[in-house]
Participant: 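Input: one structure, supplied below.
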Number of protein chains: 2
Amino acid sequence: MAKTKTDMREAVMAAARATVQSHGYNALSFRELAKEVGIKSASVHYHFPTKGDLGAALARRYTEEGAAFLAELLATSVDAAWCMDRYAEIFRSALANDNRMCLCGIMSAELDDLPAEVRTEVDKFAEMNVDWLARVLSWAKPSQSEQDLREHAMAIFAAIEGAQLVARGCRDIAIYDRTIRAYRKAGLIP
Amino acid sequence: MAKTKTDMREAVMAAARATVQSHGYNALSFRELAKEVGIKSASVHYHFPTKGDLGAALARRYTEEGAAFLAELLATSVDAAWCMDRYAEIFRSALANDNRMCLCGIMSAELDDLPAEVRTEVDKFAEMNVDWLARVLSWAKPSQSEQDLREHAMAIFAAIEGAQLVARGCRDIAIYDRTIRAYRKAGLIP
DNA sequence: ACCTGAACACCGTTCAAGT
DNA sequence: ACCTGAACACCGTTCAAGT
């Protein structure tokens, strides 16, 4: 089985993902990436013709993995509070892991620098999250309209992204915990 | 009166601020900045020795102007709900103005790329906002402890930054409006 | 199929030199 | 005091050339 091509592609993506979550899309350097995986920068372009192709591939993969994880949660429990706790933990774990951020959250902040194909994937990530959150919310509030559920879901998604952004900015994960607690106390999160 | 030096410094800062709010700190280019204000890039270094000096100056000025505006609000009314509405409007106006973001919010997302002096100023902006929000909240809930007030204030700050981030990512200001409404409905914002 | 070296136009920064 | 041109080591991208 030919493993070299796939392996090198995967190695580049792994290194790139870590860099983006820590430093953002702009900080991605084909030369540094190449050094990390042991090839030349021109060779990285063989796997990903442009930086936009690499960014889009990262975001797509990130959304896929996130969707799979959330689907697993959905299959495990129908308790809204339990699912929300697991959800908040995902974003917490990024901070716990070397003060990293949600790949698509950090890319949102760099939006105007992103090539169109990367934006598209970032949008899809937000959509996937809102879909999932609306579904979980529908258990807690079965009477609410689809419109209201999605609005509430979007609010939770934005609030959690914001908590991560601010806590990361302060380099203090305790701020994330306190903020999530305040959201719950205020009734924003079930 | 010698106006050239001050004027050029101000011109550089104005151009730089617009660029950062739209494209982030990383997108700041001394060469493009120089072109915009009609000097050479080496001359920009005369006013701001490094990019970090420029970034820190921008954030400091931004915090000062924000603090002055919020102090004005505080002097105008002691109604918490009214103050919160005005506060949410400030962040809305950045989006309305060409989908721009809070200068310090967008810089938070690029945190690891920021020189230490810029980080310091970004931290001060968050602190200034939390101070103000806690004070406004104390009117609505005089019984709460200082600790609880600050926690709630931090949650509001994070939630609003998040709403701005996500709405900007979707290039849809209506998402900001809906999210703020959901925060209010949930009781996060008075 | 996969990788490379060399070239291109960019970047922040430095510095000696101009006025 | 303020500005400049030239140099340095970086960047993404392209392309002809190697295996």
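Lettering of chains follows the sequences in order, A, B, ..., and the numbering in each one begins at 1.
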Participant: Searching all strands shown, indicate the nucleotide that pairs with dC2(D) (Watson-Crick or G-U wobble; both distances under 3.5 Å).
Facilitator: dG18(C)

Participant: In whole angstrom, what separates N26(B)'s CG from dG12(C)'s P?
Facilitator: 10 Å

Participant: With the side chain of F30(A) defined as its heavy atoms from C-beta on, choose the nearest nucleotide among dG12(D), dT13(C), dT4(C).
Facilitator: dG12(D)

Participant: Starting at atom NE2 of H47(A), determine the distance to atom C1' of dC2(C), rounded to an integer number of angstrom.
Facilitator: 7 Å

Participant: Would you find more than 12 non-hydrogen atoms of other residues, nucleotides or ligands less than 6.0 Å from E65(A) atom CD?
Facilitator: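 Count over threshold, so yes.
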
Participant: Any salt bridge linking E121(B) with K124(B)? Criterion: basic side-chain nitrogen under 4.0 Å from a carboxylate oxygen.
Facilitator: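 Answer for the salt bridge query: yes.
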
Participant: Between atom CG in L28(B) and atom P in dC10(C), what is the gap in whole Å?
Facilitator: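 It works out to 18 Å between those atoms.
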
Participant: For a 4.5 angstrom cut-off between non-hydrogen side-chain atoms, does L73(A) reach W132(A)?
Facilitator: yes

Participant: Whether E89(A) and R86(A) form a salt bridge (side-chain N of Lys/Arg under 4.0 Å from carboxylate O of Asp/Glu) is what I want to check.
Facilitator: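 A salt bridge is present here (some side-chain N lies under 4.0 Å from a carboxylate O).
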
Participant: At under 4.0 Å, does any side-chain N or O of S29(A) touch on OP1 or OP2 of dG12(D)?
Facilitator: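 So the side chain of S29(A) is within the cut-off, an N or O lying under 4.0 Å from OP1 or OP2 of dG12(D).
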
Participant: Could you check which of dC3(D), dT14(C), dC3(C) has an atom nearest any side-chain atom of Y46(B)?
Facilitator: dC3(D)

Participant: What's the closest nucleotide to the R31(A) side chain, out of dC11(D), dT4(D), dT14(C)?
Facilitator: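 When the side chain of R31(A) is considered, dC11(D) is the closest of dC11(D), dT4(D), dT14(C).
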
Participant: On the nucleotide dT4(D), are OP1 or OP2 found under 4.0 Å from the side-chain N or O atoms that S43(B) carries?
Facilitator: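 S43(B) to dT4(D) OP1/OP2: side-chain N or O found under 4.0 Å.
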
Participant: Going by purine N1 to pyrimidine N3 plus the second Watson-Crick contact, or the G-U wobble pair, all under 3.5 Å, which nucleotide sits opposite dT13(D)?
Facilitator: dA7(C)

Participant: Closest to the H45(A) side chain: dT14(C), dG12(D), dC3(D)?
Facilitator: dG12(D)

Participant: Return yes when atom CZ of R150(B) has more than 12 non-hydrogen atoms of other residues, nucleotides or ligands closer than 6.0 Å, and no otherwise.
Facilitator: yes

Participant: Starting at atom CD1 of I39(A), determine the distance to atom C1' of dA1(C), rounded to an integer number of angstrom.
Facilitator: 13 Å

Participant: K40(B) has a side chain; which of dT4(D), dT13(D), dT13(C) sits nearest to it?
Facilitator: dT4(D)

Participant: Between dT4(D) atom C1' and K35(B) atom NZ, what is the distance in whole Å?
Facilitator: 16 Å

Participant: From CD of E32(B) over to C1' of dC11(C), roughly how many Å is that when rounded to an integer?
Facilitator: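 Going from E32(B) (CD) to dC11(C) (C1'), I get 10 Å.
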
Participant: Could you give the CG-to-P distance, from D7(A) to dC3(C), as a whole number of Å?
Facilitator: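 Rounding to the nearest Å, CG of D7(A) and P of dC3(C) are 11 Å apart.
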
